[in-house]
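Step one of this worksheet: look at the structure below.
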Amino acid sequence: MLALSPFTSPPETEAQLLAQAKRLAGYTLGELAALAGMPVPRDLKRDKGWTGVLLELWLGASAGSKPEQDFAALGVELKTIPVDNLGRPLETTFVCVAPLTGNTGVVWETSHVRHKLKRVLWVPIEGSRDIPVAERRVGSPLLWSPNEEEEQQLRLDWEELMDLIVLGQVTRITARHGEVLQLRPKAANSKALTEAIGEHGEPILTLPRGFYLKKNFTSALLARHFFLSSY
DNA sequence: GATTGATCATAT
DNA sequence: ATATGATCAATC
């Protein structure tokens with residue numbers, strides 16, 4: 001029998017949240033899904049957010065689609081991150097949608113990116129596609145805030161990208177811009193359009209974009225944690 | 001094999 | 001269309 005049950009209400013402290021996340025380490029997604037009464041999809045092709053929702057449930061996050069941090073009372077954001085057998089990220093990490101209009105005068109200090117990343121509970125999950133979803137294991141969690149260097153890296157990339165957006169260059173931005181933070185499409189499909197600023201300052205329609213953390217960034221922060229926890 | 005651009009589900 | 005949760009898969 002598993003001495004484990006999902007939170008039915010949000011955790012009241014960071015310590016409580018982290019403790020519960022630590023309890024989940026080592027369990028498989030299949031075990032956690034069964035205890036939560038959730039069916040396990042064969043793969044994640046049509047259930048890309050399934051793992052995130054499962055962990056939200058187990059950790060007592062305000063499930064669903066509220067434009068808030070997952071643990072609003074604690075100011076903590078939950079991110080599951082798929083990793084390989086060495087704990088390296090297999091995917092980039094979505095942060096938030098990029099505002100493409102109304103950006104005159106915006107600054108890093110009050111940006112959505114900075115707010116989202118102020119405090120993050122990272123939960124690594126085995127993500128190799130050759131491991132059946134139900135057999136993938138939850139890894140050791142990490143409660144993280146950007147250090148000075150990370151914050152600076154993020155700020156520089158964000159400022160470069162936002163400058164291009166404000167200057168009407170959004171359609172010229174590719175995922176190659178930015179060292180640790182990149183801008184990529186974030187949409188249902190390539191026909192979903194949103195308003196942006198064109199190269200002559202005119203309104204245009206373009207693909208919605210999102211900010212994503214590149215793997216070099218998340219890989220480093222997870223590696224640091226792994227290194228430190230091995231002592 | 002890694003990366004960039006595209007895409008999937010669901011709720012509001 | 002926008003927000004939440006992300007991974008897929010064509011291409012380099």
Side-chain angles (χ1 to χ4, degrees), chain A residues 6 10 29 32-33 36 38-72 76-86 88-103 111-113 115-117 120-134 136 138-139 157 161 164 170-196 203-220:
Chain A
L29 298 183
L32 296 182
M38 281 178 69
V40 181
R42 186 169 85 272
D43 57 50
L44 299 182
K45 289 182 187 179
R46 296 186 171 275
D47 296 271
K48 298 181 179 183
W50 183 82
T51 307
V53 172
L54 178 64
L55 268 292
E56 280 185 347
L57 176 72
W58 273 95
L59 295 174
S62 42
S65 52
K66 300 187 195 71
E68 269 187 334
Q69 284 161 315
D70 295 296
F71 305 96
V76 174
E77 176 74 15
L78 172 66
K79 287 291 180 193
T80 59
I81 183 166
V83 296
D84 66 14
N85 54 5
L86 295 178
R88 296 171 304 198
L90 289 166
E91 293 289 346
T92 57
T93 302
F94 173 71
V95 180
C96 60
V97 169
L100 301 183
T101 60
N103 286 313
S111 67
H112 289 151
V113 172
H115 185 245
K116 278 273 185 184
L117 298 180
V120 179
L121 179 67
W122 295 98
V123 181
I125 311 275
E126 285 183 328
S128 298
R129 292 187 206 179
D130 55 14
I131 306 176
V133 175
R136 297 181 189 180
V138 177
D157 283 347
L161 292 166
L164 290 168
V170 64
T171 61
R172 299 248 268 259
I173 298 174
T174 74
R176 274 144 287 205
H177 286 82
E179 294 295 319
V180 301
L181 188 71
Q182 62 184 180
L183 196 75
R184 306 214 312 273
K186 167 63 173 172
N189 55 59
S190 58
K191 283 126 197 157
L193 300 175
T194 191
E195 189 175 305
I204 62 168
L205 288 177
T206 189
L207 233 45
R209 314 296 165 102
F211 287 110
Y212 295 81
L213 296 177
K214 298 179 73 171
K215 290 194 282 184
N216 59 350
F217 186 82
T218 49
S219 179

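Sequence lines set the chain letters: A, B, ... in the order given, protein chains first and strands last, and positions in each chain run from 1.
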Members of residues 184-195 of chain A that approach DNA chain B, where some heavy atom sits under 4.0 Å away:
Arg184(A), Pro185(A), Lys186(A), Ala187(A), Ala188(A), Asn189(A), Ser190(A)

Name the nucleic acid region contacted by Leu90(A), choosing base, sugar-phosphate or nothing; use a 4.0 angstrom heavy-atom cut-off, strictly under.
nothing

Go through dT7(C), dT4(B), dA9(C) for me and flag the one nearest to the Ala175(A) side chain.
dT4(B)

Contact summary for Leu161(A) and Phe211(A), nearest pair of heavy atoms:
CD1-CE2, 3.9 Å

Among dT7(C), dA9(C), dG5(B), which nucleotide sits nearest the side chain of Pro82(A)?
dT7(C)

List the atom of Ala33(A), the atom of Val40(A), and the distance in Å for their closest heavy-atom pair.
CB-CG2, 3.6 Å

Non-hydrogen atoms of Phe94(A) and Tyr212(A) that approach each other most closely:
CA-CD2, 3.5 Å

Any side-chain N or O of Thr80(A) less than 4.0 Å from the OP1 or OP2 oxygen of dA6(C)?
yes

Residues Thr92(A) and Arg184(A): side-chain donor-acceptor under 3.5 angstrom:
yes

Between Leu44(A) (CG) and dT10(B) (P), how many Å, whole number?
14 Å

Considering only side-chain heavy atoms of Lys45(A), which listed nucleotide, dC8(C), dC8(B), dG5(C), is closest?
dC8(C)

Quick one: label Thr92(A) by what it contacts on the DNA or RNA (base, sugar-phosphate, nothing), any heavy atom closer than 4.0 Å.
base

Considering all heavy atoms, the nearest Glu91(A)-Lys215(A) contact:
O-CG, 3.6 Å

Where is the tightest heavy-atom contact between Thr171(A) and Arg209(A), given as atom of each residue plus distance?
CA-NH2, 4.4 Å

Taking CD from Gln182(A) and C1' from dA2(B), how many angstroms apart are they, rounded to a whole number?
12 Å

Glu91(A) CD to dC8(C) P, in whole Å, measures 6 Å

Taking dT4(B), dA9(C), dG5(C) as options, the one with an atom nearest any side-chain atom of Glu77(A) is dG5(C)

What do you reckon, is NE2 of His177(A) surrounded by more than 12 foreign heavy atoms closer than 6.0 Å?
yes

May I have the distance from Lys214(A) (atom NZ) to dA6(C) (atom C1'), rounded to whole angstrom?
19 Å

Of the nucleotides dG5(B), dT4(C), dT7(C), which one has an atom closest to the side chain of Asp70(A)?
dT4(C)

Looking only at heavy atoms, what is the nearest atom pair of Ala175(A) and Gln182(A), with distance?
O-NE2, 2.9 Å

Tell me the interatomic distance from Asp47(A), atom CG, to dT4(C), atom P, rounded to whole angstroms.
20 Å

Distance, rounded to the nearest Å, where Leu213(A) contributes CG and dG5(C) contributes C1'
15 Å

Any idea which of dT4(B), dG5(C), dT3(B) is nearest the Lys215(A) side chain?
dT3(B)

How would you label the contact of Gly49(A) with the nucleic acid (heavy atoms, under 4.0 Å): base, sugar-phosphate, or nothing?
base

Which nucleotide in the list dA9(B), dG5(B), dT2(C) gets nearest to the side chain of Arg46(A)?
dA9(B)

Contact under 4.0 Å: Arg176(A) side-chain N or O vs dT3(B) OP1/OP2
no

